[in-house]
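Encoded as structure tokens, the structure appears first; notes follow it.
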Amino acid sequence: MVGAQRRPGPDFSRFLKVLRRQGEPDRLPFSELYHDYEIMAAIQGPPRCPPEDLEGWAAWRVRFWRDHGYDYVTQGTGPGFPRTGLVAPDTAPLSRGERGWVNEERGPIASWEDFERYLWPRVSDEDFRPLEAMAKHLPEGMKIVPMIPGGPLENITFLMGYQTFVYALADDPALVAAIAQRVGDTLIEIVRRTVTMEAVGAQWLNDDLGFRSGPLASPGVLRKYVFPYQERICEIAHAAGKPVLLHSCGNLRVIMDELIDQVGIDARHSFEHVIEPVWEAKRAWGNRIALLGGVDMHVLASGTEEEVRAYTRRCIEECAPGGGWALGSGNSVANYIPVPNFLAMLDEGWKLGRYSR
């Protein structure tokens, strides 16, 4: 690799080459699931439009992603699943006042009566207006990678509460199955209506499946309630010629073969150093799927700028050769990451990320 010319224009074919593991592109692509609003506003200033101005907000977000070297921009699509939650003070340097947390004990659905009363979302044309607004502001070469409102397992556990979900697996599996079907069918319909859009280049499947030592549910439970819906999402996206990017936290080693061979994911995102550094993941899985991101969140959030640069350089040295990897954080650019650390990660990508020809 040699020093990079700064700021080439967006070119989604560059990122697509990584996703399809077709060798080394012209330069190392950058990849993120999202950047918190507070990070974007601190760097380029807040948008000069009210929240209801969808095109104004879309143009503001597209400009941030484009100016920082991304070949795509993400956009949430479809209706969410209303749920209860908890809040706590947000102590991040770029605080938003309060931070939301999932209620792990109990969600809005703990019984069949709750299931019948719950206001299940319906997919409507209104849900895709932000995506359509963003498409109008894409520069040449740039695409959108939409995010569904959480994956099957996330939404099942959010709606029930993880503790209630675990008990229901033994006490009332039919209720779990009914919730899984309503959630899965909704997510499938959202993907069906987005992946054929010309502005869409790939599909994020964001579904946290694990924690530090393993999956949040047994492989058998995942095969019954989660994988069939994830697989259908992949089938629909692939039929439209669009790759699927799985964002999932946690240790997924025992289910990776099924995620690749049965579910059909094309790329994996979200890596935590104490579980599996991204360079180890590339050695293990890089001949079968693309790997995205991996600059450890602990380093980004609490390390010095030089520590961030050193960690980023190691990621590039270990993962960039041969292609099949894009540079980014291990999870997302959250508002507790110091802005200089985020920019230092990107700067190392610009300096070291041009493939020699």
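Note that the numbering runs from 1 along the sequence shown for the chain.
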Indicate whether the side chain of [X] and that of [Y] have a donor and an acceptor atom separated by less than 3.5 Å.
X      : Y      : result
Thr91  : Tyr336 : no
Asp207 : Gln230 : yes
Asp11  : Ser13  : yes
Arg99  : Asn335 : yes

Over 12 foreign heavy atoms within 6.0 Å of CD, Glu140: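 Check fails, neighbour count at 12 or below.
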message: Can you confirm whether Glu52 is buried at CD, in the sense that more than 12 heavy atoms of other residues, nucleotides or ligands lie under 6.0 Å from that atom?
response: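 Yes, because the 6.0 Å sphere around CD of Glu52 holds more than 12 heavy atoms from other groups.
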Are any of the side-chain nitrogens in [X] or [Y] under 4.0 Å away from the carboxylate oxygens of its partner?
X      : Y      : result
Arg96  : Asp36  : yes
Asp266 : Lys242 : no
Asp347 : Arg309 : yes
Arg129 : Glu126 : yes
Arg232 : Glu235 : yes

Determine whether the aromatic ring centres of residues [Y] and [X] are separated by less than 6.0 angstrom.
X      : Y      : result
Trp279 : Tyr311 : yes
Tyr34  : His247 : no
Phe81  : Phe158 : no
His68  : Phe30  : no

- request: Please list, chain by chain and in numerical order, all residues satisfying side chain to side chain contact (heavy atoms under 4.5 Å, CB included) with Pro338, sequence neighbours excluded.
  value: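 Pro338 satisfies side chain to side chain contact (heavy atoms under 4.5 Å, CB included) with Pro340, Asn341 only.
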